[in-house]
Amino acid sequence: MPTVSVKRDVLYKALGRSYTDEEFDELCFEFGLELDEITSEREIISKEKGDGKADGASDVILFKIDVPANRYDLLCLEGLVRGLQVFKERVDAPRYKRIIPPDNQLQRLFITEETAAVRPYAVAAVLRNITFTQDRYENFIDLQDKLHQNICRRRTLVAIGTHDLDTIKGPFIYTARPPTSIKFRPLNQNKEYTAPEVMELYRTDSHLKHFLHIIEDKPVYPVIYDSNEILLSMPPIINGDHTKISLNTHNVFIECTATDLTKAKTVLDIMVTMFSEYCDEPFTVEAVEVIYPDGKSHFYPELPYRNETISAEKMNSKIGIKETPANLAKLLTRMCLKSHVLEDGDQIGIEIPPTRADIIHACDIVEDAAVAYGFNNIPMTIPKTYTIANQFPLNKLTELLRQDLAAAGFTEALTFALCSVEDIADKLSVSVSSTKAAHIANPKTAEFQVARTTLLPGLLKTIAANRKMPLPLKLFEISDVVMKDSSRDVGARITDTCVLCTTIKILALR
């Protein structure tokens, strides 16, 4: 789950009241969140790098809040406060509005056919007459980082660029050019670099080096220029310094380049809905016309509202409660899903706002109703299927063995079920074919290539990692191993040499 860090005092000011730590923890739980930690910048640095590195760090209290991975609207202070205020029925959910300006004021983004080889899609929008403070600016940048790590899949699917619109002039061109023909001054740099030089510059950068692989092997790099050939960004790596936003920025041009158009539209909707409240006309967004290589055009952001219906009887049945349709509609409205009872008296009409991209199926709506009702308030019932739980005989045996081995002075080791081919073959002087090992089709690392066929390599590795410990080392492990078996429907079975589905290995090193 993503973790959102917010300053406690700023949060309380936005909520319009203060809470004790226990009260706010309870509020988060009621809303389906979890207050993970109460800390400060000084404490964080002190834990990670030692007390000496924490000198000068802030003592401002920070709340670290765990939010569901698909709730992109809660990844910043603005969305979190808005959600909590609507949940507590202090404000109504805002209505987001897209404005298409007159033709002579409309910003346009042209996409050329060269982008098809790297990142074929782009969407854009303008936040007009926005007012930044230091906290708002930090939240704006932090939301981009959170989205990049989450729905954007570390910029592989979508990359976000934000620019000071007053420093550039449309129309804008999204194209792709050979790396050597691209030259610009990257963000926060004091001289110009060619694209290959930019890649070398950030090869050792702790933050940006992780994104270089996305385009470095491509024959062309994606770039966005304005009408004066000023480079806005080279997605997904870095923006140009010329368009850098600051506290004095009043008009923000937001562009999202992508390999997945649906994700790009969702990301753009989240960015503009979260921060449009700071515009002179709150919750309004200026549209940008995007013209595709085939000449077709589309206005973004879409800010789509859609309507769904669900039976109150079905909702009650799924949750396990007995509420009237009117009460269920009220619960959903508290979750930013504006709802009302339809004429038949049972069906509930729900309006899904553009901020709730997580609402895909009726079960998502039912879940929100259950959260608003309160999981602790759902009456406990005896399951219709009556069963008596009992421990597997094999598990009972292994628990008894663990107790006796521990009483004999042995320490239990818990090692990975996956290991390398070398661990079960070469290092044990046996051939891979004779091990009957189940291989991983696409291993991420050389350490996890096969499912273990014996526990011995894991214990030997444990000993190797603890050579500095005083002797004797007395270790044991009781766990599962996997063997290939063509007679099974999955092609493998959990087994061992003792035909107990569990292997016991004991090592005593003196």
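Relative to the ring axis of Y174, R119 does not place its NZ or CZ within 45° and under 6.0 Å from the centre. Cation-pi check for R136 over F140 is not met; the charged atom does not lie both under 6.0 angstrom from the ring centroid and within 45 degrees of its normal.
Between the side chain of N316 and the backbone N or O of E323, at least one donor-acceptor pair lies under 3.5 Å.
In terms of heavy atoms, P301 sits closest to D269 at CB-OD1, 3.4 Å. Heavy-atom minimum distance, T355 versus I270: O-CD1, 3.8 Å. Between L33 and P68, the closest heavy-atom pair is CD2-CD, 3.6 Å. In this structure, H213 and H210 approach most closely via the heavy-atom pair CD2-O, 3.1 Å. Heavy-atom minimum distance, A264 versus V158: N-CG2, 3.7 Å.
When each of L231, I168, T243 is checked for a side-chain contact (heavy atoms from CB on, under 4.5 Å) with D226, only I168 meets the rule.
D260 and R153 are not joined by a salt bridge, as no carboxylate oxygen comes within less than 4.0 angstrom of a charged side-chain nitrogen. Electrostatic pairing of K191 and E197 does not count as a salt bridge here, judged by no charged N lying under 4.0 Å from a carboxylate O. Using a 4.0 Å cut-off between charged side-chain N and carboxylate O, K64 and D36 make no salt bridge. Between D142 and K146, at least one side-chain N (NZ, or NE/NH1/NH2) sits under 4.0 Å from a carboxylate O, which counts as a salt bridge. Salt bridge annotation for E229-R177: present, with a cationic side-chain nitrogen under 4.0 angstrom from a carboxylate oxygen.
Side-chain N/O atoms of E447 and T445 include no donor and acceptor closer than 3.5 Å.
Ring planes of Y137 and F132: perpendicular class, angle over 60° (limits at 30 and 60°). Using the six-membered ring where Trp is involved, F211 and H207 have ring planes that are perpendicular, over 60° apart on the 30 and 60° scheme. In this pair, F63 and Y12 present their aromatic rings perpendicular. The plane angle is above 60°, beyond the 30 to 60° band.
Taking the side chain to side chain donor-acceptor pair (under 3.5 Å) definition, one finds that K7 meets it with D135, sequence neighbours left out.
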